Participant: 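Quick one: structure below, then a few questions.
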Amino acid sequence: MTIQSAKHMRRTFEQESLALHKLLRIPPNSLRIEELLGLGPPREVLASRALEMRGTGKKQKLDPVSQHCVHVSEGLEQAAAAEVIPEVVSEMLATMLQGSLAVPKDARHAHQEGVVEMVCEALVATEVALKQAVTEAQGVVDGGTGRKVACEEDAKTKKEALAALEEDGKAKKVALAAAAASFKQAKGAVGEAQTAQMLAEADLKEARAKKGVLEGALKDMVSPLAEGTLPEGEVAGTVSRLKAALKKFVLVESLMTALPNALSKPPSTRGAFDVMVVSQLNEEMGKLISSLDATISQGDSTNKERSAALAVAEAALDESKRGQLAAAQAFRDARDALDKARGELKEAERRLKELGPESKRSQGALDEAQAILELFQAGALASAQELKARLTPPPEPEPASEAPLAEAEVGAPMEEAAPAEEEASPPAGAAEPAAAPAA
C-alpha cells in the first residue's frame with residue numbers, strides 16, 4: 001500500500017468519524033478519531049510510557065503488545081528521519097498502531113490490514129535505506145583503506161627516492177671537491193708556467209742587454225782606444241767608462257788591472273805586454289759575446305717551450321674551471337632535488353598521518369550505521385513482523401469448582417451421627433429404670 005493510499009485511508013477515517021459523531025449525537029471534535037475507532041493512545045502517550053519506564057528506578061513494564069508498538073513507533077520516526085516517508089505520515093501511522101497493528105491478525109478489518117501493510121512497507125523501506133547507509137559507510141572505509149595503502153606506498157617510494165638522492169648528493173659533493181682540487185692544481189700549474197716563462201724572458205732580456213753592452217763597448221770604446229783614434233783628451237774618460245762597463249762581466253782580474261794602462265797609451269808607444277793586454281781583451285769580450293749569443297738562442301727556444309707549456313696549463317685550467325662549475329651546478333641541483341624530496345616525503349607522511357583519524361571516523365560511522373541497522377531489525381522490524389502475524393490468543397481454561405465436593409464431604413459424617421443418637425434415646429412408653437437404693 002502506497003503513501004497516497006494512506007492519505008486516502010486517513011480521509012476515510014475522518015469521514016467515518018463525522019458519521020459516528022452524528023450517529024452518537026455528540027459535538028464534533030469532542031472525541032479524537034482514534035478514541036471513536038478504538039485505535040488506542042497516540043505516539044506521544046506511547047513515548048511517555050516508554051520514557052517513564054526507562055526513567056524511573058521502579059520495575060515498570062509495558063505489556064508486550066504496547067512494548068512492540070513503542071518499537072514500531074520509534075521505527076516510524078527513523079523512517080521519517082531517513083526521508084522514506086513524510087513526518088506527517090509517520091505521525092499518522094504511529095497514532096493508528098494500537099488500532100491496527102496491535103489488533104490480532106484474525107480480528108483485523110480490511111482497513112486495519114491496510115494500515116499494517118503501510119507500516120510494514122515503511123519499515124522495510126527504512127531497512128533498505130539503513131542497509132544502503134551501511135553499504136555507503138563500508139565504501140568509505142574501503143576507500144580509506146585504499147587511500148591508506150596508496151599513501152603508504154607513496155611514502156615508501158618517496159623515502160627510497162630520498163635515500164637515493166642523499167647518496168647522489170654525497171657523490172656530487174665528492175665530485176665537486178675533486179673538481180675544486182683539480183682546479184686548484186691547474187691554477188698552480190699555470191702559475192708555475194707563468195713564472196717559468198717570466199724567468200726565461202728575464203734571462204733572455206738580460207743576455208741581450210749584456211750582449212748589447214759588450215758590443216757597444218767593443219765598438220765605441222775598445223776599438224777606438226786600441227786603434228788610437230780618440231782625441232787625447234777623451235782617452236782617460238773612455239778608459240774609465242770601459243772599466244765601469246766591464247765590471248758587470250767576469251774577466252781575468254789581472255786583465256782588468258792592466259787594461260787601463262795599456263789602453264791609455266797610443267799604439268806606437270805600447271810594449272809587447274800592452275799589445276797582449278789589448279789582444280786578450282778583444283778575445284775575452286768576443287768569447288763573452290759568443291756565450292751570450294748561445295744563451296740568447298737557447299733562451300728563445302726555452303721561451304717558446306715555456307710559452308707552449310703555459311698555454312697548455314691555461315687550457316687545463318679553463319677545462320678544470322668548467323668542470324668545477326659543472327660539478328658545482330650538479331651539486332646545487334642534487335641539493336635542490338634533495339630538499340624537494342624531503343618536502344614531498346614530509347607531505348606524504350602528513351597525509352598518511354591524517355588518514356589515521358579519518359579512518360577511525362569512517363570506521364566509527366560504519367559501526368554506528370551497522371548498530372542502528374541491527375537495532376532497527378531487532379527492534380522495530382521484528383516487533384512489526386511479530387505483531388503482524390500475531391493471532392488472537394485462545395481463552396484460558398476456567399478452574400474446576402471444588403465447593404460441591406466439600407459440601408458432600410461435610411454432610412456424610414452428620415448423617416452417620418443421626419442413627420447413633422436415635423439408639424441412645426429410649427423408645428416411647430418404656431419404663432424408667434429404678435432409682436438406686438439409698439445409702
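Keep in mind that what you see is a predicted model, and the values were worked out from it rather than measured.
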Participant: Closest approach of Thr392 and Ala107, non-hydrogen atoms and distance?
Facilitator: OG1-CB, 4.3 Å
Participant: Would you please say whether a donor-acceptor pair under 3.5 Å links the side chains of Gln132 and Glu136?
Facilitator: yes
Participant: For Leu76 and Ser90, which heavy atoms make the closest approach, and how far apart are they?
Facilitator: O-OG, 2.9 Å
Participant: Would a 4.5 Å heavy-atom cut-off, applied to side chains only, mark Lys156 and Glu152 as touching?
Facilitator: no
Participant: With the threshold set at 4.0 Å, does a side-chain nitrogen-carboxylate oxygen contact exist between Glu319 and Arg322?
Facilitator: yes
Participant: Look at the side chain of Ser73 and the backbone N and O of Ala94, then say whether any donor-acceptor pair between them is shorter than 3.5 Å.
Facilitator: no
Participant: Between Lys159 and Glu349, is there a side-chain N and carboxylate O pair less than 4.0 Å apart?
Facilitator: no
Participant: How close do Ala155 and Leu345 get, heavy atom to heavy atom, and via which atoms?
Facilitator: O-CD1, 3.5 Å
Participant: Hey, are Asp300 and Lys304 close enough for a salt bridge, meaning a charged N less than 4.0 Å from a carboxylate O?
Facilitator: no
Participant: Over all heavy atoms of both residues, which pair between Leu101 and Lys388 is shortest? Give the atoms and the distance, please.
Facilitator: CD1-N, 3.8 Å
Participant: Answer yes or no: is there an ion pair linking Glu206 with Lys210, defined by an N-O contact shorter than 4.0 Å?
Facilitator: yes
Participant: Show the nearest heavy-atom pair for residues Ala102 and Val65, with the distance to one decimal.
Facilitator: CB-CG1, 3.6 Å
Participant: Regarding Thr126 and Gln78, do their side chains bring together a donor and an acceptor under 3.5 Å, going by distance alone?
Facilitator: no
Participant: Test Lys340 against Asp336 for salt bridge (Lys or Arg N to Asp or Glu O under 4.0 Å), laying out the working first.
Facilitator: CA-CA 6 Å; Lys340 182 179 179 182; Asp336 294 341; over 6 Å; no
Participant: Side chains of Gln324 and Ser182, heavy atoms from C-beta outward: is any pair under 4.5 Å?
Facilitator: no
Participant: Side chains of Cys69 and Leu387: closer than 4.5 Å at any heavy-atom pair?
Facilitator: yes
Participant: Do the side-chain N and O atoms of His71 and Gln67 include a donor-acceptor pair separated by under 3.5 angstrom?
Facilitator: yes
Participant: Just one of Ile85, Leu97, Val124 clears the side chain to side chain contact (heavy atoms under 4.5 Å, CB included) bar with Val119, so which one?
Facilitator: Leu97
Participant: On a heavy-atom basis, which atom in Ala129 and which in Ala82 lie closest, and how many Å separate them?
Facilitator: CB-CB, 4.4 Å
Participant: Just how far is it from atom CG of Leu338 to atom CD of Glu166, taken to the nearest 0.5 Å?
Facilitator: 5.5 Å
Participant: Under a 4.0 Å threshold between the charged nitrogen and the carboxylate oxygen, would Arg342 count as salt-bridged to Asp339?
Facilitator: yes
Participant: Taking the side chain as every heavy atom from C-beta outward, state whether Lys148 and Thr145 have any atom pair closer than 4.5 Å.
Facilitator: no
Participant: Quick one about Ser66 and Asp63 (side-chain donor to acceptor, distance below 3.5 Å, no hydrogens or angles considered), yes or no?
Facilitator: yes
Participant: If we only count heavy atoms from C-beta on, is the Glu77 to Glu87 side-chain gap below 4.5 Å?
Facilitator: no
Participant: Is there a side-chain contact between Leu281 and Leu242, using heavy atoms and a 4.5 Å cut-off?
Facilitator: yes
Participant: Rounded to the nearest 0.5 Å, what separates atom CG in Leu381 from atom CG in Leu375?
Facilitator: 12.5 Å
Participant: CD/Gln298 to CG/Leu204 distance, rounded to the nearest 0.5 angstrom?
Facilitator: 10.5 Å
Participant: Indicate yes or no: at least one non-hydrogen side-chain atom of His109 is less than 4.5 angstrom from one of Gln112.
Facilitator: yes
Participant: In terms of side-chain geometry, is the basic nitrogen of Glu347 or Arg351 positioned less than 4.0 Å from the acidic oxygen of its partner?
Facilitator: yes
Participant: Show the numbers, then the answer: is there a side chain to side chain contact (heavy atoms under 4.5 Å, CB included) between Thr295 and Asp203?
Facilitator: CA-CA 9 Å; Thr295 300; Asp203 292 341; 5.8 Å; no
Participant: Surrounding CD of Glu358 (heavy atoms of other residues, nucleotides or ligands, distance under 6.0 Å), is the total greater than 12?
Facilitator: yes
Participant: Are any of the side-chain nitrogens in Arg350 or Glu354 under 4.0 Å away from the carboxylate oxygens of its partner?
Facilitator: yes
Participant: Are Lys131 and Glu127 close enough for a salt bridge, meaning some N to O gap below 4.0 Å?
Facilitator: yes
Participant: First locate atom CG of Leu352, then atom CD of Glu153, and finally report the distance between them rounded to the nearest 0.5 Å.
Facilitator: 11.5 Å
Participant: Where do Val140 and Leu366 land on the side chain to side chain contact (heavy atoms under 4.5 Å, CB included) test, with the steps shown first?
Facilitator: CA-CA 9 Å; Val140 173; Leu366 174 60; over 6 Å; no
Participant: How about Arg306 and Leu310: do any of their side-chain heavy atoms sit closer than 4.5 Å?
Facilitator: no
Participant: Where the side chain of Ser320 meets the backbone of Ala316, is there a donor-acceptor pair that is under 3.5 Å apart?
Facilitator: yes
Participant: Assess whether salt bridge (Lys or Arg N to Asp or Glu O under 4.0 Å) is satisfied between Lys219 and Glu215, documenting all intermediate values.
Facilitator: CA-CA 6 Å; Lys219 178 182 178 182; Glu215 289 178 343; over 6 Å; no
Participant: State whether Glu113 and Lys105 are salt-bridged, where the test is any N-O pair (Lys NZ or Arg NE/NH1/NH2 against Asp/Glu carboxylate O) under 4.0 Å.
Facilitator: no
Participant: Between atom CD of Gln377 and atom CG of Leu123, what is the distance when rounded to the nearest 0.5 Å?
Facilitator: 11.5 Å
Participant: Kindly compute the distance separating CG (Leu165) from NZ (Lys172), expressed to the nearest 0.5 Å.
Facilitator: 9.0 Å
